[in-house]
There are 2 protein chains.
Amino acid sequence: MDTAEITGENTGPAPRRERGGRHARRELRMQGPQEAGRPYITRAIPPYDILSEENLIRIEDTADRILAEIGIEFRDDPAALNMWKKAGAKVDGVLVKFEPGLLREILKTAPAEFTQHARNPACSVQIGGKNIVFSPAYGSPFVMDLDKGRRYGTIEDFRNFIKLAQSSPWLHHSGGTICEPVDVPVNKRHLDMVYSHIKYSDRAFMGSVTSEDRAEDSIEMARILFGRDFVDKNCVILGNVNVNSPLVWDGTMTLALRAYARANQAAVIVPFILGGAMGPVTNAGAIAQALAETMAGCALTQLERPGAPVIFGNFLSSMSLRSGSPTFGTPEPAIGSLVVGQLARRLNLPLRCSGNFTTSKLPDAHAMNEGTMSMLAAVQCGANFILHSAGFLDGLLSMSYEKFIMDADFCGALHTYLDGVKIDDNQLALEAFREVGPGHHFFGSAHTLANYETAFWDSDIADNEPYEKWEAAGSTDAATRANLRWKKMLNEYEAPPLDEGIDEALRDFMTRRKEAMEDAWY
Amino acid sequence: MDTAEITGENTGPAPRRERGGRHARRELRMQGPQEAGRPYITRAIPPYDILSEENLIRIEDTADRILAEIGIEFRDDPAALNMWKKAGAKVDGVLVKFEPGLLREILKTAPAEFTQHARNPACSVQIGGKNIVFSPAYGSPFVMDLDKGRRYGTIEDFRNFIKLAQSSPWLHHSGGTICEPVDVPVNKRHLDMVYSHIKYSDRAFMGSVTSEDRAEDSIEMARILFGRDFVDKNCVILGNVNVNSPLVWDGTMTLALRAYARANQAAVIVPFILGGAMGPVTNAGAIAQALAETMAGCALTQLERPGAPVIFGNFLSSMSLRSGSPTFGTPEPAIGSLVVGQLARRLNLPLRCSGNFTTSKLPDAHAMNEGTMSMLAAVQCGANFILHSAGFLDGLLSMSYEKFIMDADFCGALHTYLDGVKIDDNQLALEAFREVGPGHHFFGSAHTLANYETAFWDSDIADNEPYEKWEAAGSTDAATRANLRWKKMLNEYEAPPLDEGIDEALRDFMTRRKEAMEDAWY
């Protein structure tokens, strides 16, 4: 494979990486896995639209009435309230009401598509349009693996997952809080997390949002890496902020999202709706609520800095009405995501969706059944940035080393899936039928020989061998194979080179910031 | 739930069965599971169309050229060759070539939709249009479970799977050769299989196709059950026949498909294409081949008896080009199925697709990752009859008791998925937002109380409990929970009543037929 395939402009469609066959696989191993992938996917198939225009309008009208008649509270951020007042919203205490059309008007300045730059330009990602970026799971306090079971995450786990993501050709982004490094003080860990992303990966990444200061620190580290001017003009860091659903934006979150927007960096605006708890038990209502909450958050970034990149986020889930536990990876959010995708495209905003959701506590059949349905919904709904693409277990409480590997492998399969069915004379293969004729095999045909290297997705986790060979090799299940694989990947990991001066400047900044704070553990 | 929900006409849309909540679940247990389901699904979401009209036409043109320029061999069935000659095809020895348009013209007599009657009228299924019928996996020589591992299937296993299917509210059909009962002579086992479907299930079923005699026997047993006149006028049995891909129809199969058509019963016409072996390695070419082969088989049913019901079958898969093994559940057939769905709808024929495919040897993460992608493709492509909906493992070599349970549970989730997102005032829930307002919970709201019984899919296999509760309950994986469940279901199974006179007549027929044959074991 020519290295030109992974360099060059990132504003156009990603170069197609053909894969498959024994020869292609050998070549892939020689290059190291990351080089073999694409920087992101450009979908060749349309999104899956399930709702009529008429019904989409009914949802939009409901969102408009929620915004106009019930309103959203903006707590602990008086500046945001002033911005809303100036923009023409009705502000009464912390409650803000919006006339229909106001938010859509404000949102017109937001870009439909933008580049998030990586320190390796070949890894920069295009967010929006037909592009899809896979990013690891985000936010688990626990990690688990088959050897040691479940325990709290540490900075070493955090680095391990960055290394695994970096080593996978099927992920495109280094992610953010892949797991909580609970061995580092709460008020300092954002520094170690951002530093680790920069040090151990050359892909794009996310910063902290848990306070305005931490958001600013994250962005400041990006400035050290990319240069102040570059950062002011280009997106180099994302911040994932959550609504305090239903219908409340907390100051912590609006201060963080405004910090990102002020720096021309992209906030990802995400409701957190478990139907029955933070939203109605009916899917259509939860979607209308999500639309209202997300539009408000996205619009606030544009009041802070018109034209700043922003991502419309989707996070729907349901509850077990037997146990009261949240559920993830169920059919309601899967089908709901398809509708959210339609709504986001009508707003002309890039869409974030969640990937491999499950409540399973093990990397088992339950996990991959829910995860696969959830991940397919994410790519089918037209999402551009898919958080939680790999590693998610136990309703986001655990990052699993084995599930990470399985999910990343499935991300690889989705590269093939999203290429769709290509139609040209070679693919239609009429000549091959002439050559082979009725009743004969295609094994050694000229068409097969000419195409087999690029044919068929070839999983690293599936075992397609005959039963007897599989049995002789130890009758392993997928989790066991994934266990072997992540250890091998960590073993073979090589850090991408980082400029020594930048590395030193980042470490200096961390030291100074840490010295200015007392350790806080909660 | 009113019993009226599961009776009534089967020609219209299936009655919607709402499910969920503690109360609804309790009610469900009291009724027995089968009664709680729907006889079939009527989809509320459109199929997922991925290819443009222009590209569909290019595939159709390629199929037409394969048919006209290369042709299809019809071996060991001189009568079929005569029928083709009379219909205007060019017959040269066993090779038949078809002018573009000829098969489409012949296919115009085939119904777009038909009812397959079950002995319990409430279980009759509507095949075609927006309807979806889930049927168990078909054809494995082995069975396996967690207790005893893999072994050859027996008639006891066969009956067990019928009982499990019958007990599941999420399957709609009893299937056919669920597993091969290898303890019964090859030439007699079709009798035991058809009898078992009739005896242990009151749902619709499939008959034998492995010879013309066995097809006739199967249909004769259906006549004993339904009456000769009724069978001549109505579809009561399906026969699944395979092309000997590439481009060969064997006499065994055409004699069987003609026997079904002659009796006004529905043949399911299915290519068997593993790209790289029985078809080209490129997806578009394999799809064009499938279209050519399937159209020819479907058209032959119409020559035999114009107006006979027939189902357009889809079976694409790929190969591991490393090991030469077939692969199942990979992204190429998943995306290819979406295109086959578009092509079948352009022919106005009901579509059969394959469900839960995988090469995994265990009911593990690998199995459900591939199975879920494959099954979602089947429902998204608009398939009307989904064979292999439950139990499939190891590339169809094994029926797994545990995977059967997991798959049937996923079929349940797909009922919810295919209901889509309903839009009405209650679902949009504006009043609930007024009631709850910003920052409060929906738990006890009037809207939640009015809707929670019908909200949210509630899996029997997923464990959504908090980690500590799950751990205290034994830290089970999904396969272990499925293992407990199939034993409980077999234990609680009750046979649906069967008229004593019919039962006796069926047993008499079997005895007579068996006495007329020597045992054959291969």
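Every chain is numbered from 1 and lettered A, B, ... according to where its sequence line falls, protein lines coming before strand lines. Being a predicted model, the structure only gives us computed values, none of them experimental.
Contacts between Ala479(A) and chain B at a heavy-atom distance below 4.5 Å are absent for every atom of the residue. Using a 4.5 Å cut-off between heavy atoms, Leu51(A) touches chain B through its side chain atoms alone. Both the backbone and the side chain of Pro246(B) come within less than 4.5 Å of a heavy atom in chain A. In this structure, chain B has no heavy atom under 4.5 Å from any part of Asp61(A). For His440(B), the part lying near chain A is the backbone, with the side chain staying farther off; criterion is any non-hydrogen pair under 4.5 Å. With a 4.5 Å cut-off on non-hydrogen atoms, Thr62(B) touches chain A through its backbone and its side chain both. Contacts of Gln289(A) with chain B are made by both backbone and side-chain atoms, with heavy-atom separations under 4.5 Å. Interface remark: Thr476(A) contributes backbone atoms only to the contact with chain B (heavy atom separation under 4.5 Å). With a 4.5 angstrom heavy-atom cutoff, Met406(B) touches chain A only via side-chain atoms. Both the backbone and the side chain of Asp425(B) come within contact range of chain A, judged by heavy atoms closer than 4.5 Å. Only the side chain of Leu376(B) comes within less than 4.5 Å of a heavy atom in chain A; its backbone stays farther off. Contact annotation for Ala367(A): neither backbone nor side-chain heavy atoms come within less than 4.5 Å of a heavy atom of chain B. For Val421(A), the parts lying near chain B are the backbone and the side chain together; criterion is any non-hydrogen pair under 4.5 Å. Neither the backbone nor the side chain of Asp409(A) has a heavy atom closer than 4.5 Å to any heavy atom of chain B. For chain A, the nearby part of Glu69(B) is the side chain; its heavy atoms alone come within less than 4.5 Å. For a residue to count as touching a neighbouring chain, one of its non-hydrogen atoms must lie under 4.5 Å from one of that chain's; by this rule Leu338(A) touches chain B with the side chain only. Only the side chain of Leu362(B) comes within contact range of chain A, with at least one heavy atom under 4.5 Å from a heavy atom of that chain. Contact of Leu418(B) with chain A is not made at all, since no heavy-atom distance falls under 4.5 Å. The part of Ser475(A) that comes within reach of chain B is its backbone (N, CA, C, O), which places non-hydrogen atoms under 4.5 angstrom from that chain.
Checking side-chain atoms of His366(B) against main-chain N and O of Ala462(A) turns up no donor-acceptor pair under 3.5 Å. Side chain of Lys361(B) to main chain of Asp477(A): no donor-acceptor pair is present (N/O by atom type, distance under 3.5 Å, no hydrogens or angles). Between the side chain of Glu332(A) and the backbone N or O of Trp457(B), at least one donor-acceptor pair lies under 3.5 Å. Remark: side-chain polar atoms of Gln427(B) are not paired, donor with acceptor, to backbone N or O of Gly285(A) under 3.5 angstrom.
Residue Ile423(B) forms a side chain to side chain contact (heavy atoms under 4.5 Å, CB included) with just one option from Val339(A), Ile59(A), Ile57(A), and that option is Ile59(A).
Looking at Ile70(B) and Arg434(A), their side chains come closer than 4.5 Å, going by heavy atoms from C-beta outward. Side-chain contact check for Met278(A) versus Phe442(B): every heavy-atom pair is 4.5 Å or farther apart. Between Leu428(B) and Arg58(A), the closest side-chain pair of non-hydrogen atoms falls below 4.5 Å. Phe456(A) has its side chain within reach of Val281(B): a pair of non-hydrogen atoms, C-beta onward, lies under 4.5 Å apart. By the 4.5 Å heavy-atom criterion applied to side chains, Gln380(A) and Gln380(B) are counted as neighbours. Residues Met375(A) and Met373(B) are not in side-chain contact: their nearest non-hydrogen atoms beyond the backbone lie 4.5 Å or more apart. Residues Leu414(B) and Pro331(A) form no side-chain contact, since every pair of their non-hydrogen atoms from C-beta on lies 4.5 Å or further apart. Residues Thr372(B) and Met368(A) are not in side-chain contact: their nearest non-hydrogen atoms beyond the backbone lie 4.5 Å or more apart.
Among all heavy-atom pairs drawn from Tyr417(A) and Ala334(B), the shortest one is CE1-CB, 4.2 Å. Scanning all heavy atoms of the two residues, the minimum distance from Pro46(B) to Tyr48(A) falls at O-OH, 2.6 Å. Of all heavy-atom pairs between Ser325(A) and Pro466(B), the closest is OG-CD, 3.5 Å. Closest approach of Arg75(B) and Pro438(A) over heavy atoms only: NH2-O, 4.5 Å. Listed here is the closest heavy atom pair of Ala284(B) and Lys422(A): CB-O, 3.5 Å. Looking at every heavy atom in both residues, Ala478(A) comes nearest to Ala365(B) through CB-CB, 4.2 Å.
Ion pairing of Arg150(A) with Glu468(B) is present here, as a side-chain N (NZ or NE/NH1/NH2) and a carboxylate O approach within less than 4.0 Å.
Between the side chains of Asn464(B) and Thr359(A), a donor-acceptor pair is found at a separation under 3.5 Å. Of the N and O atoms on the side chains of Thr282(A) and Asn451(B), not one donor lies less than 3.5 Å from an acceptor on the other residue.
Between chain A and the options Val248(B), Asp394(B), Ile50(B), Thr358(B), the largest number of non-hydrogen pairs under 4.5 Å is found for Ile50(B). Interface summary for chain A: among Thr416(B), Asn283(B), Asp49(B), Val436(B), the most heavy-atom pairs under 4.5 angstrom belong to Thr416(B). Of the listed residues (Gly395(B), Ala432(B), Ala286(B), Gly276(B)), the greatest number of heavy-atom pairs within a distance under 4.5 Å of chain A belongs to Gly276(B). Comparing Pro280(B), Ser245(B), Ala429(B), Gly439(B) by heavy-atom pairs within less than 4.5 Å of chain A, the highest count is held by Pro280(B). For the set Asn426(B), Leu247(B), Asp364(B), the count of heavy-atom pairs under 4.5 angstrom toward chain A peaks at Asp364(B). Chain B forms more heavy-atom pairs under 4.5 Å with one residue of Trp470(A), Phe328(A), Phe142(A) than with any other, namely Trp470(A). Interface summary for chain A: among Ser320(B), Gly279(B), Ala377(B), the most heavy-atom pairs under 4.5 angstrom belong to Gly279(B).
Applying the side-chain contact (heavy atoms from CB on, under 4.5 Å) criterion to Glu54(A), with sequence neighbours excluded, gives Ser52(A).
With rounding to the nearest 0.5 Å, the separation of OG in Ser360(B) from CG in Asp463(A) is 8.0 Å. Note: Leu274(A) CG to His441(B) NE2 = 9.5 Å, rounded to the nearest 0.5 Å. Ile66(B) CD1 to Leu430(A) CG: the interatomic distance, rounded to the nearest 0.5 Å, is 6.0 Å. Rounded to the nearest 0.5 Å, atoms CG (Leu397(B)) and OH (Tyr467(A)) are 10.5 Å apart.
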